[in-house]
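This report concerns only the one structure given below.
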Amino acid sequence: WIIFTAVIIGIAIFTIILVKPATTGLVIHNEYPVRMDEDGFWYVGLSTGDIPFRYPPWEVENVPIDREAITLITQAVEPVWISLDPQGPSITVIAGVEVSKITNQLFAIETKSAFTTEYESIDHPVKTCADATPASPVILIEKGVNTGIFVTDACITIMGVTFEDAVRA
């Protein structure tokens, strides 16, 4: 049993080393070049140019995504709204920026920010799921019981068990 266990552990370690890409330098992932730059961001090389992300693709590819979210975003004819709780933690702003990289830079869809509720005397748009339409979907970023990207009508919810999970989603 000791030899068998040692062999299994050895195979597992060898597999992890071969499968997990290096954290620096250029890596090809699903036919796309991915590199970590000195600024700490991961850059994915696309036909539209290099797009920076907080996480490398292999750390987010297991996040469940309702494919209807992509359809809503790519078929929007008016702005896509990314709506945040104005009293939420600042990390949700990072999630909003990550989402806007996809909607604006990758899909070239006009993207605007909003709050989920009015906040003090700040003059900023307020958008909720009630305002979402297929022409102008609303994306909410929130903490919940699951991590993933979910769609209800024309409202896309990016949810994480923690807010860091929401950024990863």
Side-chain angles (χ1 to χ4, degrees), residues 15-16 19-21 23 27-36 40-48 50-117 119 124-169:
T15 303
I16 289 169
V19 172
K20 176 111 173 127
T23 56
V27 176
I28 303 300
H29 183 75
N30 291 338
E31 300 180 22
Y32 294 99
V34 178
R35 66 179 168 76
M36 179 184 235
F41 284 92
W42 291 90
Y43 289 80
V44 178
L46 302 172
S47 60
T48 57
D50 287 354
I51 298 181
F53 292 98
R54 185 174 170 103
Y55 294 98
W58 53 88
E59 288 186 16
V60 298
E61 63 190 4
N62 64 341
V63 174
I65 299 172
D66 184 333
R67 296 291 174 198
E68 181 64 19
I70 296 168
T71 303
L72 279 168
I73 291 168
T74 58
Q75 293 181 356
V77 294
E78 296 175 13
V80 171
W81 292 91
I82 299 174
S83 191
L84 307 174
D85 179 347
Q87 295 184 347
S90 60
I91 195 165
T92 59
V93 175
I94 294 171
V97 169
E98 292 291 306
V99 172
S100 71
K101 289 177 189 175
I102 295 168
T103 58
N104 195 299
Q105 293 179 2
L106 182 60
F107 293 127
I109 304 295
E110 183 181 7
T111 306
K112 295 185 176 184
S113 67
F115 288 150
T116 53
T117 60
Y119 184 67
H124 198 64
V126 173
K127 297 287 180 179
T128 66
C129 285
D131 301 304
T133 66
S136 185
V138 172
I139 301 171
L140 300 177
I141 300 170
E142 56 188 38
K143 187 175 168 183
V145 296
N146 295 309
T147 297
I149 300 174
F150 310 98
V151 175
T152 304
D153 300 321
C155 187
I156 302 166
T157 302
I158 299 175
M159 184 181 294
V161 175
T162 66
F163 282 112
E164 185 67 35
D165 286 340
V167 173
R168 193 172 59 83

Can you list every pair that meets side-chain hydrogen bond (donor to acceptor under 3.5 Å, both in side chains) and has a residue in residues 89-100, with sequence neighbours left out?
Glu98-Lys101
Show me, pair by pair, the donor-acceptor contacts under 3.5 angstrom made by side chains of residues 131-139, not counting sequence neighbours?
from   : atom 1 : to     : atom 2 : distance (Å)
Asp131 : OD2    : Thr128 : N      : 2.9
Thr133 : OG1    : Ala135 : N      : 3.4
Thr133 : OG1    : Ser136 : N      : 3.0
Ser136 : OG     : Pro79  : O      : 2.5
Ser136 : OG     : Trp81  : NE1    : 3.4

Rounded to the nearest 0.5 Å, how far does CD1 of Ile141 lie from CD1 of Ile94?
11.0 Å
Are side-chain heavy atoms of Pro86 and Thr117 found at a separation under 4.5 Å?
yes
Residues at least two apart in sequence or cross-chain that pass side-chain hydrogen bond (donor to acceptor under 3.5 Å, both in side chains) with Glu61, listed by chain then number, are His29
Indicate every side-chain donor-acceptor pair of residues 106-114 with a distance under 3.5 Å to a residue at least two apart or in another chain.
from   : atom 1 : to     : atom 2 : distance (Å)
Thr111 : OG1    : Thr103 : OG1    : 2.7
Thr111 : OG1    : Ile109 : O      : 2.9
Ser113 : OG     : His124 : NE2    : 3.2

Just to verify, what does Thr74 make a side-chain hydrogen bond (donor to acceptor under 3.5 Å, both in side chains) with, not counting sequence neighbours?
none
Side chains of residues 142-160: which donor-acceptor partners sit under 3.5 Å, not counting sequence neighbours?
from   : atom 1 : to     : atom 2 : distance (Å)
Thr147 : OG1    : Val161 : N      : 3.1

Not counting sequence neighbours, list each pair that qualifies as a salt bridge (charged side-chain N to carboxylate O under 4.0 Å, His left out) and has a residue in residues 63-92.
none
Nearest 0.5 Å please: distance from the CH2 atom of Trp42 over to the CZ atom of Arg35.
11.0 Å
Would you sort out whether Ile28 and Val34 count as a side chain to side chain contact (heavy atoms under 4.5 Å, CB included), showing the intermediate values?
CA-CA 6 Å; Ile28 303 300; Val34 178; over 6 Å; no
